Amino acid sequence: RAKDAGRGTWRLFDREMDRHLQERRSLQRDIKRALLSEQLFVEYQPFVALDTHKITGLESLVRWHHPERGIIAPDEFIEIAEQSGHIGTITAFVLAESLAVAAQLPANVSIAVNLSPLHLREAWLFDQLSGIIERSKIDPGRIEFEVTESAVLETEGRTLENLHRLRELGCRIAIDDFGTGYSSLATLRGFPFDRLKIDRSFIVDLERRENDAPIVKAIIELSRTLGLRVTAEGVETARHADILRAYQCHDGQGFLFSPPLPKRDVLEWFECDNTAHGMAPGQVGSAI
Ligand code: C2E
Ligand code: MG
Ligand code: MG
Ligand code: MG
């Protein structure tokens, strides 16, 4: 009986795997069409200075409006795009869109674009991205590239060379999802980052889990000692913001301030108050 049950489970598992594989294959096919027929779009989520509540920057987050499946999140298609060789094209699209938005915002608002570790290895990345930046006429000092720890620990290819060249151009480099990798301290020693983003997983339990608070505090102190700007991801409650402010974290990003929103909504904030672009937690967008 146990054997039968086992076999049944396997059959179910096989079918599950099969469905999963088929779905991947069909998304892989669709992604090329997505690029050609403009199904990708970008949403923007603000970074807010915790002491003044002003927007200091926006992060660009890509989405896919699939004709049959609706909106697909980046976690579901970035990896597929990487494997099918389309990630460079997607990044170029996101960067160009973001710089067009930046051109309509006050000059002290920066714009952050995520880079994939696979793309970052490629020798042609620098020419591709610097070409887009030059054509946009945006000050490279307003552009930030977010990379994860695993990307920087990567010794293959041109990763470090690309990061150094982007930085020489004047762009800033942020380390994303800090604390989730294997070798956080070694990563910080290996590259002169401008910003450190503390992973959401540390912030979520800030109020409840006693252990996370001293870790978050230590990461903030370390960042400040190293001269980095420090940003907390996943700030969802006023209490999170209070704790982070007390620890002297520079910026917060999260649903408390605003979810990622389409371009027109973001531009509206600055139309209302384009000198101060001030906002209080919960005042912008549909904050939770
Ligand atoms: P990330 O760079 O760490 O981006 C932050 C993610 O957290 C976003 O998810 C954002 O919507 C979500 N988030 C923000 N605030 C909160 C909050 O308060 N609570 C919770 N629960 N979540 C929050 P999203 O947009 O689904 O993106 C997921 C990941 O996909 C990103 O993580 C990034 O690694 C990747 N990604 C997004 N856009 C791009 C892109 O253009 N290129 C590349 N290579 N990767 C991208
Ligand atoms: Mg990011
Ligand atoms: Mg992140
Ligand atoms: Mg994250």
Side-chain angles (χ1 to χ4, degrees), residues 10 12-45 59-98 112-133 144-163 165-166 171 173-183 187 190-191 197 199-201 233 260:
W10 267 108
L12 204 73
F13 181 68
D14 273 356
R15 227 179 307 161
E16 219 9 66
M17 284 283 284
D18 218 48
R19 202 183 51 77
H20 187 70
L21 271 174
Q22 260 169 22
E23 201 171 295
R24 279 184 75 94
R25 255 184 244 126
S26 89
L27 282 182
Q28 221 157 32
R29 253 194 329 265
D30 293 351
I31 207 154
K32 209 162 156 186
R33 190 157 47 98
L35 281 162
L36 292 171
S37 51
E38 299 175 15
Q39 293 166 10
L40 297 186
F41 65 100
V42 183
E43 288 193 325
Y44 303 87
Q45 188 182 32
E59 177 174 6
S60 305
L61 297 155
V62 71
R63 279 94 181 78
W64 179 2
H65 193 167
H66 192 285
E68 288 110 41
R69 296 168 195 231
I71 310 283
I72 306 182
D75 285 332
E76 286 177 60
F77 71 86
I78 289 290
E79 202 192 314
I80 292 170
E82 287 176 338
Q83 284 163 4
S84 52
H86 296 300
I87 188 67
T89 316
I90 291 180
T91 309
F93 164 76
V94 173
L95 181 62
E97 286 279 310
S98 306
V113 171
N114 293 281
L115 291 183
S116 133
L118 243 81
H119 185 201
L120 207 51
R121 284 186 202 163
E122 305 291 343
W124 44 266
L125 172 135
F126 180 77
D127 288 337
Q128 181 201 29
L129 301 188
S130 62
I132 296 169
I133 294 168
E144 202 160 284
F145 289 105
E146 298 191 358
V147 301
T148 54
E149 290 172 41
S150 55
V152 186
L153 291 174
E154 173 82 63
T155 47
E156 263 175 74
R158 306 292 180 85
T159 301
L160 281 179
E161 192 187 318
N162 278 329
L163 289 175
R165 290 183 74 189
L166 287 169
C171 301
I173 310 292
I175 181 150
D176 204 353
D177 301 340
F178 185 82
T180 54
Y182 293 106
S183 184
T187 317
F191 188 83
K197 297 185 78 176
D199 191 65
R200 191 172 77 216
S201 57
E233 298 182 331

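In what follows, residues are counted from 1 in the order of the sequence shown. These numbers were taken from a predicted model, which means no experiment stands behind them.
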When you compare the side chain of Val147 with that of Phe191, does any pair of heavy atoms fall below 4.5 Å? no

Determine yes or no for a side-chain-to-main-chain donor-acceptor pair under 3.5 angstrom, with Ser116 supplying the side chain and Leu118 the backbone. yes

First locate atom CD of Glu122, then atom CG of Asp127, and finally report the distance between them rounded to the nearest 0.5 Å. 12.5 Å

Evaluate the side-chain proximity of Leu129 to Val113: yes if any heavy-atom separation is below 4.5 Å, no if none is. no

Under the rule for ring pair (Phe, Tyr, Trp, His ring centres under 6.0 Å), what residues qualify as partners of His66, not counting sequence neighbours? Trp64

Under 3.5 Å donor-acceptor, Asn162 side chain and Leu120 backbone: yes

Judged by atom type as modelled, is there a donor-acceptor pair below 3.5 Å linking the side chain of Gln128 to the main-chain atoms of Gly88? yes

When rounded to the nearest 0.5 angstrom, what distance separates CD in Glu79 from CD1 in Ile87? 10.5 Å

What heavy-atom pair brings Val42 and Ser60 nearest, and what distance separates the two atoms? CG1-CB, 3.7 Å

Answer yes or no: is there a side-chain heavy-atom contact under 4.5 Å between Glu97 and Tyr44? yes

Between Glu82 (side chain) and His119 (backbone), is there a donor-acceptor pair under 3.5 Å? no

Can you tell if the side chain of Asn114 reaches within under 4.5 Å of the side chain of Leu61, non-hydrogen atoms only? yes

Once you measure the plane-to-plane angle for Phe41 and His65, does it fall in the parallel (<30°), tilted (30-60°) or perpendicular (>60°) bin? perpendicular

Between the side chains of Glu144 and Lys197, is the shortest nitrogen-to-carboxylate-oxygen separation below 4.0 Å, so that they form an ion pair? no

Any non-hydrogen side-chain atom of Ser130 less than 4.5 Å from a side-chain atom of Arg165? no

Out of curiosity, Arg25 CZ to Ile80 CD1, how far, rounded to the nearest 0.5 Å? 11.5 Å

With side chains defined as the heavy atoms from C-beta onward, is the minimum distance between Leu40 and Val94 less than 4.5 Å? no

Using a 4.5 Å cut-off on heavy atoms from C-beta on, say whether the side chain of Glu149 contacts that of Asp177. no

Should the heavy atoms of other residues, nucleotides or ligands under 6.0 Å from CZ of Arg158 be counted, would the total exceed 12? no

Interatomic distance, Thr148 atom OG1 to Leu115 atom CG [nearest 0.5 angstrom]: 9.5 Å

Between Glu76 and Ile72, the two heavy atoms sitting closest are CB-CG2, 3.7 Å

Could you pull out the closest heavy-atom pair between Arg33 and Pro67, with the gap in Å? NH1-CG, 4.1 Å

Calculate, to the nearest 0.5 Å, the distance between atoms CG and CZ belonging to Asp30 and Arg69 respectively. 6.5 Å

